[in-house]
Amino acid sequence: MDVLWTYCFFALACFCGSVFGDANKCEEVRKVFLLRQIGPSQLLPQSPRTGSDLQVCTSKNLTCCTKKMEERYQLAAKRDIQNLLQMSSSSLKFLISRNVAAFQEIFEQLMKQAENHTVSVLKESFGNMADHSMEPVQELFTDIGLYLLGSEVSVDDMVQRFFDSLFPFVYNDLIHPGLSDTSPAYAECVRGARRDVRPFGQAPHILIDQISRSGTAGKLLLQALHLGIEVINTTDHLQLSRECRRALLKMHYCPHCQGLTESKPCMGYCLNVMRGCLASLAEIDVHWRDFVRSLEGLSSRMHGPQDLEQVLLGVHTLLHDAIGNALRNGPRITTQLHRVCGSVDRRLQSVSAAKEPLPLKSSPKGDALAQRRKDFLSGLRLFRTYYGGLADQLCVSDLSRSEGTSCWNGTNTVHSYTLRVVGSGIKAQSSNPEVKVKEADPVVSQIIDKLKHINQLLQGKSIPKLGTLDQIETGSGDLEGRYSGDCDDEDGCGGSGGDEVKRKVSRVSKLSPDVSRDHDPHHGPHHHPPSAKESSSPALTWAIWVLLLPCLHTLLAL
């Protein structure tokens with residue numbers, strides 16, 4: 001009899017310990033649920049339950065979760081991973097954004113420095129003519145600045161227009177300084193005859209070529225950096241598929257339902273989930289690497305005629321030589337203009353003949369742009385493998401627990417994840433045991449098209465069939481909806497989940513009360529009240545249940 005009572009008390013202690021242990025676990029779940037602001041406290045059960053209504057976090061054990069909690073957990077898992085994506089890209093995004101601003105500032109400073117030095121040189125060499133031609137000079141550098149910043153300005157038009165405007169001042173103030181008060185019609189005729197008379201020799205064509213080459217390179221550099229920011233913004237706000245959202249829920253928060261609030265996924269499990277969710281981003285890898293290499297190639301070509309800094313700071317030299325050429329060819333120019341525009345009265349006949357321009361002082365030297373490019377590319381090289389290793393980096397740095405320690409495998413806490421770990425990219429996901437990947441995200445596919453386009457442009461190639469970058473539109477809401485998969489409860493649709501989920505719920509609901517109260521095998525042995533078949537007599541069975549009644553009463557009170 002003593003043995004009988006000892007067994008009864010032992011069974012009672014084990015059972016009551018089991019109940020109160022689960023209750024304590026649920027209290028911890030409540031604390032974490034509220035601390036992370038996942039949802040209101042009303043969603044949590046007062047005590048462990050069977051969880052037959054759960055869709056993803058199903059378990060044979062009692063659970064601390066409700067269906068509403070599961071929906072909130074799924075939203076939290078999605079939010080968590082998007083926050084991690086944004087945090088992981090923050091350094092790269094800052095690097096590019098900072099240098100976009102720096103390059104634009106350098107361009108503006110170059111414009112102002114080149115304009116000021118050109119005006120200064122013209123004043124020293126040509127006196128009043130420089131004062132009269134101030135407006136065309138300012139307009140030229142304004143147009144160059146607009147061109148560099150992306151305006152659809154024709155370099156040929158801007159340069160030809162500048163020399164057209166400059167010629168009347170050179171003719172009136174330098175070649176024939178005795179002319180004054182000429183009629184607007186005569187000045188316009190001189191302006192219009194410039195391209196036939198060609199007073200400035202090859203200077204207009206040289207300037208067009210230099211600005212086109214160096215300006216195109218500078219413009220393309222800014223365009224590429226803006227696209228780099230667009231790529232990061234697109235991937236930071238990746239639209240997760242329904243399969244991925246459910247897998248993230250299972251990995252991040254399903255252990256909470258079992259009271260395992262401090263559990264972390266096994267490394268292999270995390271890799272499978274994240275490589276599946278970020279499979280589309282891994283497809284960017286080869287094009288992003290090419291993007292970095294193409295920017296390096298562009299930078300290496302930005303010297304000589306393609307060195308924007310040297311071209312802009314050398315405009316004054318070109319203009320000085322162009323005006324000198326006009327002065328040396330004054331008689332020929334005058335004869336041609338008389339034939340085209342006729343003669344004009346001279347009111348100041350005593351003015352001396354034009355003189356050769358003064359020799360140039362040393363040109364300003366600049367390497368700010370080249371040094372900025374060098375520093376930027378040095379930093380960018382560190383991120384050339386960013387997209388290829390993103391999923392792995394998130395698991396290693398933030399999400400998982402290394403193998404050999406207790407970790408979550410999607411169902412239980414174990415010491416090692418035993419399923420196959422797949423590679424990165426869309427094709428590798430065909431055998432992913434955790435996430436089913438049907439296709440690449442169409443929005444990511446479009447950003448890849450833009451990267452292909454800019455890479456060809458950076459390499460000096462043209463692909464007219466794709467048009468401009470602006471014509472390769474980013475994804476719309478419709479595309480996002482198609483990729484997101486079937487409507488799910490967290491989308492506000494209700495009643496979704498498919499036959500597979502219904503079968504899981506059905507199986508859970510049919511479990512016996514004894515099985516539904518089992519503990520996780522990794523948190524202690526199973527303890528069942530002995531059945532009538534297992535007892536030695538009806539009296540023993542009756543005695544055990546009498547002793548268990550207070551515990552059951554306490555459980556219901558919780």
Side-chain angles (χ1 to χ4, degrees), residues 85-117 138 140-153 155 158 211-237 284 287-303 306-313 315 364-384 386-387 447 450-451 453-455 457-458 468-470 472 474:
L85 286 174
Q86 293 173 29
M87 288 175 59
S88 68
S89 69
S90 59
S91 296
L92 173 59
K93 187 174 181 179
F94 177 72
L95 172 70
I96 298 178
S97 300
R98 180 186 62 188
N99 279 279
V100 167
F103 284 126
Q104 289 177 338
E105 183 179 359
I106 290 175
F107 288 168
E108 292 172 2
Q109 291 174 349
L110 278 176
M111 291 299 132
K112 184 55 64 177
Q113 184 181 3
E115 179 184 328
N116 290 342
H117 196 70
Q138 292 175 340
L140 172 66
F141 284 102
T142 298
D143 286 343
I144 295 174
L146 292 174
Y147 172 72
L148 290 175
L149 296 178
S151 177
E152 295 299 323
V153 180
V155 175
M158 75 169 77
I211 294 177
S212 295
R213 291 192 185 197
S214 63
T216 297
K219 185 176 183 178
L220 192 54
L221 175 63
L222 283 181
Q223 191 178 24
L225 298 193
H226 281 297
L227 178 59
I229 295 174
E230 184 182 347
V231 171
I232 298 168
N233 285 337
T234 300
T235 56
D236 274 355
H237 299 89
I284 298 176
H287 308 290
W288 183 260
R289 290 171 185 259
D290 199 23
F291 177 69
V292 176
R293 284 194 298 268
S294 299
L295 278 172
E296 291 175 331
L298 175 70
S299 181
S300 68
R301 296 194 304 272
M302 292 178 72
H303 59 81
Q306 295 193 54
D307 187 334
L308 180 64
E309 194 163 19
Q310 296 306 315
V311 167
L312 291 177
L313 296 180
V315 168
K365 301 295 182 182
D367 58 2
L369 185 56
Q371 187 61 46
R372 170 59 67 173
R373 289 199 314 269
K374 180 180 178 181
D375 294 343
F376 166 65
L377 290 173
S378 178
L380 188 62
R381 286 187 199 100
L382 301 177
F383 294 94
R384 64 187 180 278
Y386 173 74
Y387 284 104
I447 209 68
K450 288 196 171 190
L451 276 173
H453 190 155
I454 199 69
N455 288 342
L457 295 178
L458 289 170
T468 65
L469 282 173
D470 293 335
I472 306 175
T474 53

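Each residue takes its place number in the sequence, starting with 1. Just so it is clear, the model here is predicted, and its values are computed rather than measured. These values consider heavy atoms only, across backbone and side chains, with no hydrogens, waters or symmetry-generated copies.
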How many angstroms lie between [atom1] in [X] and [atom2] in [Y], if you round to the nearest 0.5 Å?
X	Y	atom1	atom2	result
H117	L312	NE2	CG	13.0 Å
L110	L148	CG	CG	9.0 Å
T142	M158	OG1	CE	10.5 Å
F94	N99	CZ	CG	9.0 Å

Please name all residues satisfying side chain to side chain contact (heavy atoms under 4.5 Å, CB included) with [X], sequence neighbours left out, ordered by chain then number.
X	answer
L220	Q223, I454, L457, L458
S378	R381
R213	D209, P305, Q306
N233	K93, I229

My understanding is that only residues two or more places apart in sequence, or in another chain, count here; which of them pass salt bridge (charged side-chain N to carboxylate O under 4.0 Å, His left out) with [X]?
X	result
R293	D290
R289	D285
R372	none

Results of side chain to side chain donor-acceptor pair (under 3.5 Å) for [X] - residues two or more places apart only:
X	answer
S214	none
Q109	E105
E108	none

Any non-hydrogen side-chain atom of [X] less than 4.5 Å from a side-chain atom of [Y]?
X	Y	value
F107	L369	yes
M111	I144	yes
F383	S89	no
R98	F376	no
L308	L221	no

Closer than 3.5 angstrom, by distance alone: can the side chain of N455 be matched with the main-chain N or O of H287 as a donor-acceptor pair?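 Confirmed, N455 side chain pairs with H287 backbone.
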
With distance as the sole test, does E309 use its side chain to make a donor-acceptor pair with the main-chain N or O of A368 at under 3.5 Å?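 Yes: the side chain of E309 pairs with the backbone of A368.
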
With sequence neighbours excluded, what pairs up with F291 under the ring pair (Phe, Tyr, Trp, His ring centres under 6.0 Å) test?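 Partners of F291 by the ring pair (Phe, Tyr, Trp, His ring centres under 6.0 Å) criterion, ordered by chain and then number, come out as W288.
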
Minimum heavy-atom distance [X]-[Y], with the two atoms named:
X	Y	value
K219	S151	NZ-O, 3.4 Å
L380	L95	N-CD2, 3.6 Å
K450	L227	O-CD2, 3.5 Å
Y147	I211	CE2-O, 4.2 Å
L222	F103	CD2-CB, 3.8 Å

How far apart are the C-alpha atoms of T235 and L85, what are their side-chain angles, what is the distance that settles it, and do they pass the side chain to side chain contact (heavy atoms under 4.5 Å, CB included) test? CA-CA 8 Å; T235 56; L85 286 174; over 6 Å; no

Does anything in residues 142-151 form a salt bridge (Lys or Arg N to Asp or Glu O under 4.0 Å)? List the pairs, not counting sequence neighbours.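 Pairs touching residues 142-151 that pass the test: D143-R161.
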
Walk me through it: do L295 and L225 pass the test side chain to side chain contact (heavy atoms under 4.5 Å, CB included)? CA-CA 9 Å; L295 278 172; L225 298 193; 4.3 Å; yes

